[in-house]
Each structure stands twice: as structure tokens, then as C-alpha cells.
Amino acid sequence: MSSILLAILDPIDSLLLAPGTLSRANKRWHSAFVTIYCSRALLSLFNNSLPHKKKIEVSRSPFFTVDFKPDYGFKIDQAILTKLVKDKDVDNLQDIGGVLRVASSLETNVEFGIPADLVDIDHRHEAFGQNTYERPPTKSFFNFIVEAFKDLTIFILLGCAALSLAFGIKEHGIKEGWYDGGSIFVAIFLVIVVSSTSNFRQNRQFDKLSEVSNNIQVDVVRAGRRQQISVFEIVVGDVVCLKIGDQVPADGLFLDGHSLQVDESSMTGESDPVEVDCSHPFFISGTKVVDGYARMLVTSVGMNTTWGEMMSSINRDTNE
């Protein structure tokens, strides 16, 4: 600080001790210059004595992104649930804590089921998906026309019509020679249109029938009350009641029951029924109950089930 003060005062002394031989006008200019220089020197000295302030740079960008992952409050994710039933590993289930621990992680009461409010059901849909399966897109009318043209008989008739048209025009001229060939073309066109229309209508009727037949009713326990709901309304965490003749609507775990046997031939090809109990508590969607009764905890629905994985790898053809 003292060095700065000396550096400022030395020029001031030299200015004040200037020769006195200056004229009167020059003395006025000299006095004004000394006054301005002294004021600027004092101002500079005052600014240097203040503490330095750090400049804070603020981004003026009007846009920002936040990496937000929704938390639905469940203590177990879908990957663990899917692998649990797919591997049928009892030791892995015991390491997790058993069926009751899985039910607790899904916020399910094994006696009263899940709450029946829409908020809880929506959260389960968002976290684990819905009990629906992806279907191939419905074929349009144009697709059936293209398939009709692929018929070998149609190709032969088209060839005969082309030859008849060519020979008729060559023999009788274009005014009268096109009658035979043209009439064959019209007949072939009518056959294609009628056949495509019939197949298109049958395909639509088959889709409607399949949708109605798949929409079966299932017994579940919700809010302490047993009720019937559509199989498409089942969510992960539901407690499903199964009896003889029922189809297992989703992947799940055995809660309680008696003498339950399941036919898994549609999934594994084994003709012998499989007994499901506490020692083997795994249910696979798409199988059927052949004996006994039980209650099941749903762990996977829709495309996350074993049946859903198989359906996603198979391109369904509904030409029948």
C-alpha cells in the first residue's frame, strides 16, 4: 500500500515544484492539470483499497433439461420378477425373502389383495405394464387382392386371356378381335374382387371372435372383496383365485391352495400335469388348471410374461 502511495505522490511533487518562470496563462493551465491529476490519483488509490469482488457468470440459456425417472414406490422391478418365474429357481426366491416378501415389495396384502382405487392401478400399469399382447396389424383389402394375384390358377388364366386377346386382334382386327380376350380379363377381375372381399370379411370376423373369446372373466381379491374382472384388467400384485378348468392369466407365485395341478403342455410340451405348491410355487401364463384350487400372486403381465415372450417371437397368421 505504501509503495502505491509513493508512486502516486512523486509525480505530484514534481508538478508542484515546477519552475516559477511560467507565464500567467500557463500557470492557470498548469494548476488545472495538477488538480485533475491529483483527483484521478486519489480515486485510483481509493479503488485499489477496496476488496476484490469475484465476477459470477450466469448462464443466460433459457432452456434446461432434467433427467427425471419416476419412482412408483415399489421395492422390486420387473426384470427381477420376470427372471424369477422364468428360471423357476426356488433358491433365488428364498434369497429374496420368499413369496411373502415379494408380496410386500409389491405393496400387496396376501389376504385382502391390492387397493381397488384407480390411482394404485394406474401406478401398477405404468410400472409393470398391462395384461395385453401385441398383435400383428390387420391386413387391408389391398393385401388380399395381392394375395389373390399370387394364385397359380389366376396366372394361367391371365396368360390365356393375353393370348386370346393377341390372336383375336391379329385375326379380326382391334375393333372386333378384343371381345374374347377382354371378356376373359373381366371374368378374372370379378373372380379376384369377389374372392378378396370374402377373405377380407372373414378375417375381420375372425379378429372380432378372437377378441371376444380371449376376454375371459377372472376371480381376484381386491380391497378384501372377491370379484370378477376381465383378464385384460389384471395388474401385477393382484391375488387371483384359480380352480379346475381355469386358464392361468399371467405369471405368478403360489400363495395357498390344495392339490393344485397345472397342464403346461402348451408351453413346455410335457403331457404330465405339474403340481404347484410351496416347494414349486411358479405359475406360467397360458397353462390350465386340471385339479385342485389355489390363490396366485401375479408377478408379470402382458408382454413381460413367458407367454408374451413366446407370442412376440411368433408371427401369427390368421388366414384360416
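None of these values were measured; they are calculated from a predicted model.
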Within 6.0 Å of NZ in K88, more than 12 heavy atoms from elsewhere: yes
Over 12 foreign heavy atoms within 6.0 Å of CZ, F167: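 No, because the 6.0 Å sphere around CZ of F167 holds 12 heavy atoms or fewer from other groups.
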Whether the side chain of [X] engages the backbone of [Y] through a donor-acceptor N/O pair (distance < 3.5 Å, no angle test) should be reported.
X: S105; Y: R101; value: yes
X: T299; Y: D251; value: yes
X: D238; Y: V240; value: no
X: N109; Y: F112; value: yes
X: D291; Y: L260; value: no
X: D246; Y: K243; value: yes
X: N304; Y: T82; value: no

Reference residue V220; test side-chain contact (heavy atoms from CB on, under 4.5 Å); the match among Q227, M296, R295: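 That would be Q227.
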Roughly how far, to the nearest 0.5 Å, is the [atom2] atom of [Y] from the [atom1] atom of [X]?
X: S259; Y: I244; atom1: OG; atom2: CD1; answer: 9.5 Å
X: C160; Y: L165; atom1: SG; atom2: CG; answer: 12.5 Å
X: C241; Y: Q228; atom1: SG; atom2: CD; answer: 10.5 Å

Under-4.0 Å salt bridge between K288 and D263: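 No.
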Minimal non-hydrogen separation, G129 against V301, with atom names: O-CG2, 3.5 Å
Least distance between heavy atoms, V262 atom then V290 atom: N-CG2, 4.2 Å
Using the rule that two of Ile, Leu, Val, Met, Phe, Trp, Tyr join whenever any of their side-chain heavy atoms come within less than 4.5 Å, decide whether [X] and [Y] are in one cluster.
X: I76; Y: V235; result: no
X: Y293; Y: L255; result: no
X: V186; Y: L158; result: no
X: V221; Y: I229; result: yes
X: L81; Y: I121; result: no

In a table with atom names and distances, give each donor-acceptor pair under 3.5 Å that connects a side chain of residues 189-199 to protein atoms at least two apart or in another chain.
residue: S196; atom: OG; partner: F144; partner atom: O; Å: 3.4
residue: S196; atom: OG; partner: I192; partner atom: O; Å: 2.8
residue: T197; atom: OG1; partner: V193; partner atom: O; Å: 2.8
residue: N199; atom: ND2; partner: S195; partner atom: O; Å: 3.3

Under the salt bridge (Lys or Arg N to Asp or Glu O under 4.0 Å) test, residues paired with R226 that sit two or more places apart: D219
Of all pairs that satisfy ring-ring contact (aromatic ring centres under 6.0 Å, His included), the ones with a partner from residues 253-284, not counting sequence neighbours: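 As it turns out, the ring-ring contact (aromatic ring centres under 6.0 Å, His included) pairs with a partner in residues 253-284, which skip direct neighbours, are H280-F282.
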